[in-house]
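Structure record follows, encoded as structure tokens.
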Amino acid sequence: MSNEVTESISSDNPTAKAFTLTSAFWFAAATSLGMIGAGYLIAPDFMANIEYIHFGRVRPMHINAVLFGFVTPGLLAAAFYYFPRLLRTELFSQKLGVFSAIFWNITVAAGIIGISIGHTQGREYAELPWIVDIMVVICFALVVFNILMTIRQRKESILFVSIWYTTAAVVLTSITYCLGNVIWKPDTGALLGIPDAIVLWFYGHNIFGLLLTPMGLAVAYYVLPIATRSPLYSHTLSLLGFWSLIIVYTHIGTHHLLQVPVPTWLKTISIVDSVAMVIPVMIVLINLWYTVKGKLGDIHADIGAKFVFTGTIYYFFVNIQGSMMALPHVQRITHFNNWVVGHAHIGVLGFAGVTALGGLYFILPRITGKPLYSKFLADVQYWLVLIGITGFALVLTTVGLIQGNAWYNGETLYRTLPEIQPYYILRASLGTLIMIGAYIGLYNVIRSLYFNRGASI
Amino acid sequence: MRMTPTVIIVGILALLAAITLTVVYWPYATRDITPSEIFRERSSIENTGRKIYLQNGCVYCHSQSIRSIDWGHGAERIAQSGDYIADEPIALGSQRTGVDLSQEGGEHPDDWHIAHFINPRYTRPSSIMPPFQWLAMERIETLTRYIQGLGLKDADRRMERQIYWKQEAIKAYEAGPEQNAKWLSEIVPEGWRNIPNPYPTTDASLHRGQKIYQNFCIGCHGPIGDGMGPAQPWIYPPPLNFTILKDRGISGGILYYQIMNGITGSAMPYFKRDLESQKIWEVGDYVAVYFINQSDANTEPRGIDAAWEP
């Protein structure tokens, strides 16, 4: 850690620890919920007639647990570690940080239990009932306040790229969350008719574009240069990548609605910008990959950096795929089927989730002052998640092509169901690997945080 | 460019404001709220049913948006923005793990839906929808009202047809097997009634017919064709007991027509979209051979034998 400026900053960081534990816990919980959903797809009478976990409820529970329980807190844990380091100051308030982590868990739990007992607004990615929406906004506001105040008291005048991205992510998401959940209409949390779909997908895509992506990239920008002891390749590319991401990503939500009666000019904007996503993505990847060029050995040696670097490769895949999927001709086949489910898993788990795990493993030794409880278990988790998500990508893409082509050929949905069942079985098997990985990770995190007898670094 | 906190905060907020104005507010401000020709307001029970639909995540598997390319699903009516003007939230859906429902109203009579909610495999053996028996009868019936209104005015027209023919089907059933068989024959257009199944019965055709029967028919008509499938307790008139049809003049053409077109009013759906011609002839012959024990396959008038016939 010789490159880091550590001399004046306390290594005790209860906020980062609290968010680390939050993320590891919800990863295990969310994958368990996902497994229940996968079970229903194979055998719909499995756990039949249990109201609280039937497929229509367990699916949004899984998604909300992943987004707001696992990935966002995981990326925040790293942020609460690198903000003080990069700004050469203490975190504005550890008490506020720990409180926000606790409140975050209460919020996610309230949302999940709410959906489970039927309190949902029935809008994909915006299910949470109004009261929980308010709690989510408070969560983000607490984080925004803490990091802005930390920036204010900084002793380092230059702001590193990771600071830009994470600040933008939490500030903008506080706003888009309110917009997307139509928070000024507590009853339905929705607009009337087609505009509701437009605002929903503007927000829905920005959960990825303005929250998970910038925070994931922030972790990559922080971890990769330190792990390889290399300066960042280019400041200019960092700037271009940052501003082009904010501009381009926010335009593309309507590509979810290309086959729906929304204004054609809006569809055109979303298609053009979806293709243009190649620009912010490749700028950032060129910047990061050139930074670590020739130093893959260092990345391999650091389990945190290994996860993060893998995340950047998935970032490449998910975005090339995303640009392609926004083309209307491609979407005739890919829309409405498992291809999209595969795409979502590649993005949220393959890129953002894997990067969040990398952030956790990178900071754990640094916030506990001891080596990781088990590097072996972390490696096992790495391979389980990697095999799981790569398999997911292959299987779900295959199923999507089967479904999409059959429908486009004029076959009815019922005819395709028996064909795709074997793939649902494969998918659940691969999900089992990911879930086992999540539980191994949770065990490793708990041991590293609280029951680690290893010598101090 | 020097990235100070002010540059970052002011920059991102200005961009977000400008972009939100363009891609969210502008489409909202210029939205078209003209009702489409099928639009009508939902009744209060339909609205209650819609709440049950949203609460239970039906929207994650069922889209409500027929596209121009959905010709397999029967793009009789492609979605228009005027169909959705009363929907808050809109429930377009993003996945078709199950079928699109935007024109579902009146596709089936109520009892078909009730049996389907109790266990979807009762009426659709290859369905992967989980059972909704736990909703209990009151909510299942409310939800059914919503489903039967999907398609709005188009759905109302289909429902009128369902209700009229349900009365007729009940009358025929209650008049006894003889009358029922007669009614089932007479509702088929004259030309079809005199057509025997043009293809010979073979081991292979019976096996194929059995496979189709298991995937599409067994839930109502039961494994031995006596109409005692698991859906039977929920459906009235009950599923047809094929064994009563012997010596009652049921031709291959009648079986074909009824499978193809369904019997509107009864729970018997049409299968013309799910099954191609050969599959319909073969499942018809399977029923004739095994359950009616009387098949006219490959009898006169038979035309020229198809090239593949042995």
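Computation of the quantities below employed the complete heavy-atom set of this structure, encompassing side-chain atoms and omitting hydrogens, waters and symmetry-equivalent molecules. Letters A, B, ... are given to chains in the order of the sequence lines, protein chains preceding strands, and every chain is numbered from 1.
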Please rank [options] by heavy-atom pairs under 4.5 Å with chain A and give me the top one.
options: B:Gln55, B:Met129, B:Arg31; value: B:Gln55
options: B:Gly11, B:Pro5, B:Gly93; value: B:Pro5
options: B:Trp26, B:Phe216, B:Tyr25; value: B:Trp26
options: B:Pro89, B:Gly57, B:Cys58; value: B:Pro89
options: B:Asp274, B:Leu16, B:Leu15; value: B:Asp274
options: B:Arg121, B:Gln80, B:Arg2; value: B:Arg121

Item to check | B:Phe132 and B:Trp134 aromatic ring geometry - parallel, tilted or perpendicular at 30°/60° bounds | outcome: tilted
Heavy-atom distance under 4.5 Å to chain B: side chain of [X], backbone, both or neither?
X: A:Pro44; answer: both
X: A:Asn337; answer: backbone
X: A:Leu210; answer: side chain
X: A:Arg154; answer: side chain
X: A:Thr250; answer: both
X: A:Ser157; answer: both
X: A:Ile175; answer: side chain
X: A:Leu192; answer: both
X: A:Ile151; answer: side chain
X: A:Phe242; answer: side chain
X: A:Leu266; answer: side chain
X: A:Phe202; answer: side chain
X: A:Ile163; answer: neither
X: A:Ile269; answer: side chain

Checklist entry - Under a 4.5 Å cut-off applied to non-hydrogen side-chain atoms, are A:Phe336 and A:Gln403 in contact? => result no
Could you tell me which portion of [X] (side chain, backbone, both or neither) has an atom closer than 4.5 angstrom to a non-hydrogen atom of chain A?
X: B:Val59; value: side chain
X: B:Thr4; value: backbone
X: B:Ile9; value: side chain
X: B:Ala18; value: neither
X: B:Asp32; value: neither
X: B:Ile8; value: both
X: B:Ile128; value: both
X: B:Cys61; value: side chain
X: B:Gln95; value: both

Using 4.0 Å as the upper bound for N to carboxylate O, is an ion pair formed by [Y] and [X]?
X: B:Glu282; Y: B:Lys211; answer: no
X: B:Arg67; Y: B:Asp100; answer: no
X: B:Glu76; Y: B:Arg158; answer: no
X: A:Glu124; Y: A:Arg59; answer: yes

Within the distance-only criterion (no hydrogens, no angle test), does the side chain of [X] pair as donor or acceptor with the backbone N or O of [Y] below 3.5 angstrom?
X: B:Arg145; Y: B:Glu46; value: no
X: A:Tyr40; Y: A:Ile53; value: yes
X: A:Asn338; Y: A:Gly400; value: no
X: A:Glu127; Y: A:Tyr125; value: yes

Checklist entry - What about the rings of A:Tyr249 and A:His205, do their centers lie closer together than 6.0 Å? => result yes
Modelled atom types, side-chain donor and acceptor of [X] and [Y], under 3.5 Å:
X: B:Tyr84; Y: B:Ser36; answer: no
X: B:Asn215; Y: B:Ser126; answer: no
X: A:His255; Y: A:Ser274; answer: yes
X: B:Ser63; Y: B:Arg96; answer: yes
X: B:Gln64; Y: B:Tyr53; answer: yes

Item to check | Heavy-atom pair with the smallest gap, counting every atom of B:Ala79 and B:Asp83 | outcome: CA-OD2, 3.8 Å
Item to check | Pairs of heavy atoms under 4.5 Å with chain B: top-ranked of A:Arg415, A:Met47, A:Arg123 | outcome: A:Arg415
Item to check | Heavy-atom pair count under 4.5 Å with chain B, highest-scoring of A:Ala126, A:Ser270, A:Ala168, A:Gly253 | outcome: A:Ala168
Item to check | Rounded distance [0.5 Å steps], CG in B:Asn56 versus CD in A:Glu51 | outcome: 7.0 Å
